[in-house]
Amino acid sequence: REKMKQEMILVGLAESTQGIYLKAVIQLYEYYQGKPLQTLSAQQVKDYLLYLKQERKLASNTYNTQIYALRFFYCTTLRQPLFKLNLPATKVTYKLPDILSPTEVERIIKAVGNLKHRTLLMLIYSAGLRVSEAVNLRITDIDSQRMTLHIRNAKGGKDRYVLLSPIMHQALRDYWQISRFKDYLFPSKKDSNQPLSAGRVSQRFKTAKVHAGVTKPGGIHSLRHAFATHLLESGADIFAIKSLLGHASIQSTVRYLDFVPNRHQNLVSPLDHLKL
């Protein structure tokens, strides 16, 4: 286990990914009741994968995460590269999420009475942030001159700059007048030297949805989906949106086009240009 931790640190995996990978390997260990994992046969590992698919019925993305974790353990930690051939990933099918309308976003934000949490939800929507990115923002990440926010060490260990709208800038100033935060914009209530937990924010979002009467499914990440979709609907360039979201591949951004069914409404058939 310690060797795997060291290997994950050396290749630069995020702490959250390290935890997920380690948990996946521990679950395999527990499934075989403590049998040394290096002694398992390829068939035994396949039997475990069938258990994940058929009995636990893991979603494709979750199942593939288990595969990546076991590949790392066997191929990198145990130096058994051929084991990769026996750990097949599965095809991922993406379901279109239900996109919040601007009115629904407004109702959700207004349903939050706590100033800190309301400002945080506004910030996530205004810049299309992941919740982990928002809670880890510090006062030094605000550039009032350039009207940008510096997102540091985001997914994949990448930095980027995002929009700081004038309304959001004023909201942060109003929030600072009350809270007087010194480091993290949204510090934990128990320890001001630590950021607010992402789980806490997610729960607040769910509560706000109930109070706002919004019944569409989806967690706090739906604010990020709404940001991208609403920008597309307003005519924003998809490559600009890719940069703002911090996507590594344009393919991750292109799928937002499917969330805008009316994007073809102004197109004209080439037939209409013929003089028939």
Side-chain angles (χ1 to χ4, degrees), residues 9 12-19 100 105-106 108-109 112 114-205 208 219-231 234 236-250 252-253 256:
I9 293 172
L13 293 183
E15 285 188 20
S16 57
T17 304
Q18 292 178 34
L100 296 171
V105 173
E106 182 178 331
I108 291 171
I109 291 174
V112 182
N114 181 283
L115 178 62
K116 178 197 288 187
H117 297 135
R118 184 168 69 249
T119 306
L120 181 50
L121 294 189
M122 288 176 63
L123 185 61
I124 290 173
Y125 173 67
S126 73
L129 302 182
R130 301 177 179 94
V131 63
S132 59
E133 296 169 347
V135 296
N136 282 293
L137 280 169
R138 300 173 185 260
I139 193 169
T140 52
D141 295 327
I142 301 174
D143 189 334
S144 299
Q145 297 298 315
R146 297 175 59 227
M147 292 299 283
T148 60
L149 293 172
H150 192 171
I151 307 301
R152 304 176 191 272
N153 196 29
K155 188 175 182 179
K158 296 180 295 183
D159 288 12
R160 73 182 189 281
Y161 288 99
V162 298
L163 298 172
L164 175 59
S165 77
I167 291 177
M168 190 68 244
H169 185 242
Q170 185 59 50
L172 287 172
R173 290 173 66 89
D174 295 342
Y175 164 57
W176 182 82
Q177 290 292 336
I178 301 298
S179 66
R180 297 286 175 173
F181 53 83
K182 297 179 180 179
D183 185 13
Y184 286 106
L185 268 60
F186 306 101
S188 168
K189 189 175 182 180
K190 295 181 180 179
D191 183 359
S192 61
N193 293 318
Q194 295 296 322
L196 194 64
S197 74
R200 176 81 168 167
V201 181
S202 297
Q203 188 56 51
R204 286 289 185 175
F205 175 78
I220 194 167
H221 204 69
S222 59
L223 289 178
R224 179 171 158 91
H225 289 324
F227 165 84
T229 306
H230 297 166
L231 278 183
S234 66
D237 177 71
I238 195 165
F239 287 96
I241 296 173
K242 171 187 177 295
S243 177
L244 292 172
L245 293 176
H247 284 161
S249 168
I250 189 62
S252 299
T253 317
Y256 280 101

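From a predicted model like this one, the values you see are computed outputs, not experimental measurements.
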Distance-minimising heavy-atom pair for [X] and [Y]:
X: V135; Y: P195; answer: O-CB, 3.1 Å
X: I241; Y: A236; answer: CD1-CB, 4.1 Å
X: Q194; Y: Y184; answer: C-CD1, 3.9 Å
X: L164; Y: D143; answer: CD2-O, 4.4 Å
X: G219; Y: S222; answer: O-OG, 2.6 Å
X: M122; Y: A171; answer: CE-CB, 3.8 Å

Taking everything shown except [X] itself, do over 12 heavy atoms lie less than 6.0 Å from its [atom1]?
X: K182; atom1: NZ; result: no
X: R160; atom1: CZ; result: yes
X: E15; atom1: CD; result: no

Is there side-chain contact between [X] and [Y], with heavy atoms separated by less than 4.5 Å?
X: L223; Y: L100; answer: yes
X: L120; Y: V112; answer: no
X: H230; Y: V105; answer: yes

As a quick check of understanding, evaluate side chain to side chain contact (heavy atoms under 4.5 Å, CB included) for L149 and E133, giving each step before the final call. CA-CA 11 Å; L149 293 172; E133 296 169 347; over 6 Å; no

Quick one, N136 with I151, criterion side chain to side chain contact (heavy atoms under 4.5 Å, CB included). Give me CA distance, side-chain angles, the key distance, then yes/no. CA-CA 9 Å; N136 282 293; I151 307 301; over 6 Å; no

Indicate yes or no for a side-chain donor-acceptor contact from R224 to the backbone of I124 under 3.5 Å, with no hydrogens or angles considered.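 Side chain of R224 to backbone of I124, a donor-acceptor pair under 3.5 Å: no, none is there.
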
Does any N or O in the side chain of T229 come within less than 3.5 Å of the main-chain N or O of A226, such that one atom is a donor and the other an acceptor? no

Supply the atom-to-atom distance [X] [atom1] to [Y] [atom2], rounded to the nearest 0.5 angstrom.
X: I108; Y: R204; atom1: CD1; atom2: CZ; answer: 15.0 Å
X: S126; Y: H169; atom1: OG; atom2: NE2; answer: 12.0 Å
X: L123; Y: L129; atom1: CG; atom2: CG; answer: 5.0 Å
X: F205; Y: L121; atom1: CZ; atom2: CG; answer: 7.0 Å
X: W176; Y: I139; atom1: CH2; atom2: CD1; answer: 7.0 Å
X: T119; Y: R173; atom1: OG1; atom2: CZ; answer: 14.0 Å

Which pairs count as ring-ring contact (aromatic ring centres under 6.0 Å, His included) when at least one residue sits in residues 137-167, sequence neighbours excluded?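 The answer is H150-Y161.
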
Is it the case that the ring center of F186 lies less than 6.0 angstrom away from the ring center of Y175? yes

Could you walk me through whether L196 and K116 pass side chain to side chain contact (heavy atoms under 4.5 Å, CB included), step by step? CA-CA 10 Å; L196 194 64; K116 178 197 288 187; 4.1 Å; yes

Between R118 and I109, is a side chain to side chain contact (heavy atoms under 4.5 Å, CB included) present by the stated rule, with each step listed? CA-CA 6 Å; R118 184 168 69 249; I109 291 174; 3.7 Å; yes

